[in-house]
Engineer: 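Take this structure first; my questions come after.
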Protein chains: 2
Amino acid sequence: MKRRNTKSKEQVLQIFRQENTALSHEMIQSKLESVERATIYRILNRFHEDGVLHKVTGEDNKQYFALCKNCENGQHKHHHLHFQCLTCKTVECLENEITFSIPQGYQVQDFQALMTGVCSRCA
Amino acid sequence: MKRRNTKSKEQVLQIFRQENTALSHEMIQSKLESVERATIYRILNRFHEDGVLHKVTGEDNKQYFALCKNCENGQHKHHHLHFQCLTCKTVECLENEITFSIPQGYQVQDFQALMTGVCSRCA
DNA sequence: CTATTATTGCAACAAAGTCGCATTAAATGA
DNA sequence: TCATTTAATGCGACTTTGTTGCAATAATAG
Ligand SMILES: [Mn+2]
Ligand SMILES: [Mn+2]
Ligand SMILES: [Zn+2]
Ligand SMILES: [Zn+2]
């Protein structure tokens, strides 16, 4: 199943390239009013499958996506933290790598970590 | 607003004491068919507020709860990992503490981390 | 035992996300 | 360039998780 290049797909990607925070469906929808709701969901999911975007669930129980940096073909390798500010709701990727140990006999496919609190701008 | 001891509240707590994995609303509901759906949600939320249970969002986008061990009055201090098996869906608390650094000027209130993959039983 | 009010049950609601299906439009290659 | 194939889109209906208003019930304090 080969992926095709479409206008909406490219528009979504552009938004991620411009922004340096993680984005929810809602945020993207608001910048691309003309693109169908379900289409945006599908684009995000495809990018995620393809290792273009990685995903974190926010405190608000929404999915936030951000560009991947060193991911290859569906295998996400994000051992970094995320921070969501409870005031401005912004979700950001923190570059500090996290290290942790994996239990014997466990296979890890993905990882996500979220801190919540108040960011320096809102403090 | 003082908390009262009720039958359903105690039943929910018993389930958590017996189980050693994190539990979703669905799992508790199935063991307490007689208790109203919304009531279980409210009990879980109250326990969470009170620092009795802590919460992790699973890969399936459901909330999983587990007993807290060293939490006092609404201030959760869980710096440990969780693992969700994509096969059996089980969410477990891993006892390995995680250490990480917090950016300058950020106030952290809560933290949650989830690995997904295949557990040793399902491998 | 009585008064107060937290908790429950019920039903209605809200929000996030998914899915089936007909239509549109990329990609391929003749 | 044009026809063919099928991925992607738009639309609507739907599911799932969780919340909320309100009247009824029941735990607690005096
Ligand atoms: Mn990230
Ligand atoms: Mn835990
Ligand atoms: Zn902020
Ligand atoms: Zn398993």
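Residue numbering restarts at 1 for every chain, and letters A, B, ... go by the order of the sequence lines. What you are looking at is a predicted structure, and each value in this text was computed from that prediction instead of being measured.
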Engineer: Which nucleotide, C:dT8, D:dT28, D:dG10, lies nearest any side-chain atom of B:Asn5?
Structural biologist: D:dT28

Engineer: To the nearest angstrom, how far is B:His48 atom NE2 from D:dG18 atom P?
Structural biologist: 13 Å

Engineer: Can you figure out which of D:dT17, C:dT8, D:dG10 approaches the side chain of B:Lys62 most closely?
Structural biologist: D:dT17

Engineer: For B:Glu26, answer base if it contacts any base atom (sugar-phosphate contacts may also be present), sugar-phosphate if it contacts only those atoms, and nothing otherwise; contact means non-hydrogen atoms under 4.0 Å.
Structural biologist: nothing

Engineer: On the side chain of A:Arg4, is there an atom forming a donor-acceptor pair with the base of D:dT6 - under 3.5 Å, no angle test?
Structural biologist: yes

Engineer: Report yes if a side-chain nitrogen or oxygen of B:Ser8 is closer than 4.0 Å to either non-bridging phosphate oxygen (OP1 or OP2) of C:dT8; otherwise report no.
Structural biologist: yes

Engineer: Where each residue is assigned the nucleotide of DNA chain C containing its nearest heavy atom, which of B:Lys2 and B:Glu36 is assigned the position nearer the 5′ end?
Structural biologist: B:Lys2

Engineer: Return all side-chain donor-acceptor pairs below 3.5 angstrom for residues 25-40 of chain B, not counting sequence neighbours, or 'none' if the list is empty.
Structural biologist:
unit_1: B:His25; atom_1: NE2; unit_2: B:Arg37; atom_2: O; d: 3.2
unit_1: B:Glu26; atom_1: OE1; unit_2: B:Lys62; atom_2: NZ; d: 2.7
unit_1: B:Gln29; atom_1: NE2; unit_2: B:Leu32; atom_2: O; d: 3.3
unit_1: B:Gln29; atom_1: NE2; unit_2: B:Val35; atom_2: O; d: 3.0
unit_1: B:Ser30; atom_1: OG; unit_2: B:Met27; atom_2: O; d: 2.8
unit_1: B:Lys31; atom_1: NZ; unit_2: B:Glu19; atom_2: OE1; d: 3.4
unit_1: B:Glu36; atom_1: OE1; unit_2: B:Ala38; atom_2: N; d: 2.9

Engineer: Which of these nucleotides, D:dT17, C:dT8, C:dA16, is closest to any side-chain atom of B:Ile43?
Structural biologist: C:dT8

Engineer: In whole Å, I'd like the distance from the CG atom of B:Asn45 to the P atom of C:dA6.
Structural biologist: 17 Å

Engineer: Hey, does the side chain of B:Tyr41 come within less than 4.0 Å of D:dG18's phosphate (OP1/OP2), counting only N and O?
Structural biologist: yes

Engineer: Could you check how far CZ of A:Arg46 sits from P of D:dT6, rounded to whole Å?
Structural biologist: 17 Å

Engineer: Check for a donor-acceptor pair, side chain of A:His82 on one end and backbone N or O of A:Cys93 on the other, with a separation under 3.5 Å.
Structural biologist: no

Engineer: Looking at A:Arg42 and D:dG10, is any side-chain donor or acceptor paired with a base atom of the opposite kind under 3.5 Å?
Structural biologist: yes

Engineer: Tell me the interatomic distance from A:Glu10, atom CD, to C:dA27, atom P, rounded to whole angstroms.
Structural biologist: 11 Å

Engineer: Looking at D:dG10, D:dT19, C:dG17, which one has an atom nearest to any side-chain atom of A:His25?
Structural biologist: C:dG17

Engineer: Report yes or no: is there a donor-acceptor pair, N or O only, under 3.5 Å between the side chain of A:Arg37 and the base of D:dG10?
Structural biologist: no

